[in-house]
Amino acid sequence: MDRFFLTTAIYYINDKPHLGSVSETIAADFIARYQRKLGREVLFSTGTDEHSQKVERTALAAGQPVEQYTAAAAASWKALFDRLAISYSRFIRTTDADHIKVVQEMFQKLYDQGDIYKGSYDGWYCLKDEAFLLESDLVEGKCPHCGLEVQHVSEVNYFFRLSKYQDALLAWYEQHPDFVQPPMRSNELVNVMRGGLRDISVSRSTVKWGVPVPFDTDQTVYVWFDALINYATVAGYGTDRFATDWPADLHLIGKDITRFHGIIWPAMLMALNIPLPRHVFAHGFWNFEGEKMSKSLGNVVDPAALIENLSRLIGIDEPMAVDALRYYLCREGTYGLDVDFSSQRLLLRFNTDLANDLGNLLNRTLNMYAKFRPQIEGQPFEPKASLAELFATTLASVSTDYSNLQFSAGLEKTWMLVNVLNKMIEDDKPWALAKSGDAAGLATHLATLLTGLWYVANLVEPCMPTVSDRLLGAIRRPQAAWSDLAWRGPGSDLPEESSTVLFPRIQPDQLEDFLAAQTARKTGGTTAAPSAVAEASGLITIDDVSKVQLRVATILEAERVPETDKLIKLRVKVGSEERTIVAGIGKHYDPGVLVGKQIVIVANLQPRKLKGITSQGMLLAASVGDEMALLAPMAVLPDGAEVH
Ligand code: MSP
């Protein structure tokens, strides 16, 4: 069977899991589940990075032996991942005996062959990032990555000959342009390598809590050198299994640790004569109000508290709350780029996508099937042939998105199917079919809904495993491999319940309670602003509407803005005033036809410059696909007239 080996970064054990850290493991779980659906045997690892000076210090501060401290912390990370339905095959701890053995074997081998040598380090060290830094790396004397104070370190230790692999690495990047993705991350690394690589320190003489250097008991292995090797441990380095389980197909990591994975790790593997991983994907960060989540800023979102709040205040069981969180994390933003966390957006997604679109579709389908079942007895029960192609092409295109880690795009397409089915109910009017006695039409309609839901349930499985199981449980169809999804009737797999509430629609008071609970965690007790509640429901108030001043304007002059085919500069009259507006309508209108026409403009928009021209307002237009039309009053009015 085809194999797929996927890893996440391993988490610093002294940090509490936050939404950003678990988002990586959730994304990896999405990939693992999708690969299994493709029929591959998946090896999927995640775990904890447990050595280092800062862990030693944290345990000391907690008054615990370091082994006891790390065991308890690792257990809580693991328990959280279990709660989040992470289907890892190995939760690796860098304190695991097999890992320590692999680290020592590799260190020894590199030393024996001259790729590790003894030297002395005199420079800076950032404890938070566990990074050796040059004087020239520092920004105002602080760590360039986290902005914290750095320590001066002067010690004898061992160095890895990273510089020796510079040319081989650059050649590798040239031959494998998609080795590191997205491309901007690859370009950054190539620039670093072209700037020249220096040998790096790979041991510490002042840190006791680490893997002992096998031939020098005064030294422990540098925590990053130790941590990167976890991937080889998982694949069974030193055992027969390594030949089949290595190389990794994908290392999923954050954008902050690309140098370690895109330069140091491949160089270590080259030195050890081990094949390189096939891909490294560096995702963006989950921020909070535009800032990186961090303990020091006090803006970290606690995933466990979030699930508890969702479950308790919205009235859903915990596995469903987990799925709602997973859906939000995978659906929001473009994977690879930074995203801002918002409790309101989470609730909006919950109410619209999950409760309204998907939950309703299931419930309506079950209701109608239970109601009309007697009428369709004996009728052929096959889905509409006219939708077969749409479902097949969407399946293929979702597959491409999932393979490219474009989770949001794939889910959006899946929701397009959900909405096609919802719209089909409105268009077909099954209750009317029943009334007119069209039993065959009714049977086709119901078979289409059940088959469509079967597809949808399978397509959402990588993202929401519990929702998928419950959807399938309700329609009584099995999980299917991707290749087994076919546009055929449900056969003898038929629903028995007449209704089920997958996700309840969140009521305004529940919204308020949830947002208040989320806000209270960060600010120490304030409640959610009413506007936040309204925003989460997707509705705006009359006050919001009245902020926008819309007015009728008459176009006096129109000309194209040079060097662009999109922009037209308009001179418009709004009551006694004349204004210039730059509008992106050049592909749809010739300036000549616009003069003398009346349009509607937003009159109280802050001026902004477009191609050096100050635009004093915005006009209203409607568009769909490539078509666009300006909005105009149905009768000629004095310009300046208010639009209510
Ligand atoms: N222990 C090292 C990794 C060693 S891998 C051989 C480490 N640990 S970490 O706990 O700081 O980060 C683990 C992963 O979480 C990294 O990939 C990191 O980018 C990711 N994230 C940490 N904060 C994040 C966000 N706010 N958003 C998304 N991912 C983030 O680095």
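Counting starts at 1 for both ligands and their atoms, in listed order.
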Please report which non-hydrogen protein atom sits nearest to [atom], along with the residue it belongs to and the distance in Å to one decimal place.
atom: atom 3 (C) of ligand 1; value: Ile10 O, 3.2 Å
atom: atom 23 (N) of ligand 1; value: His18 CE1, 3.4 Å
atom: atom 27 (N) of ligand 1; value: Trp286 N, 2.9 Å
atom: atom 10 (O) of ligand 1; value: Tyr12 N, 3.1 Å
atom: atom 14 (C) of ligand 1; value: Glu24 OE1, 3.4 Å
atom: atom 30 (C) of ligand 1; value: Gly20 O, 3.7 Å

Which of the atoms in ligand 1, numbered in the order shown and given with their element, are less than 4.0 Å from a heavy-atom of [X]?
X: Asp49; value: 1 (N), 2 (C), 4 (C)
X: Ile257; value: 16 (C), 17 (O), 31 (O)
X: Ile253; value: 17 (O)
X: Ala227; value: 6 (C)

Centroid-centroid under 6.0 Å between [X] and [Y] rings:
X: Trp209; Y: Tyr69; answer: no
X: Phe44; Y: Tyr88; answer: no
X: His261; Y: Trp265; answer: no

Under 3.5 Å, is there a donor-acceptor pair between the Tyr11 and Thr46 side chains?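 Per modelled atom types, Tyr11 and Thr46 side chains form no pair under 3.5 Å.
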Tell me whether Glu105 is salt-bridged to Lys101, with the criterion being a basic N under 4.0 Å from an acidic carboxylate O.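 Here Glu105 pairs with Lys101 in a salt bridge, since their nearest N and O are under 4.0 Å apart.
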Is there a donor-acceptor pair closer than 3.5 Å between any side-chain N or O of Asp338 and the backbone N or O of Phe285?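 Checked: pair present.
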Say whether [X] and ligand 1 are in contact under the criterion: heavy-atom distance to a ligand atom below 4.0 Å.
X: Tyr231; result: yes
X: Phe260; result: no
X: Ala282; result: no
X: Asp256; result: yes
X: Glu130; result: no

So which heavy atom on Glu56 is nearest to which on Val207, and how close?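 Reported closest heavy-atom pair: OE1-CG1, 4.2 Å.
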Hey, does Ser21 come in under 3.5 Å of ligand 1, counting only N/O atoms on both sides?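 There is no such contact.
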Phe132 pairs by ring pair (Phe, Tyr, Trp, His ring centres under 6.0 Å) with which of Trp124, Trp224, Tyr222?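 So the option named by the test is Tyr222.
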Matching residue for His251 among Phe179, Phe281, Phe260, Tyr231 - test: ring pair (Phe, Tyr, Trp, His ring centres under 6.0 Å):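 Of all the options given, the one that passes is Tyr231.
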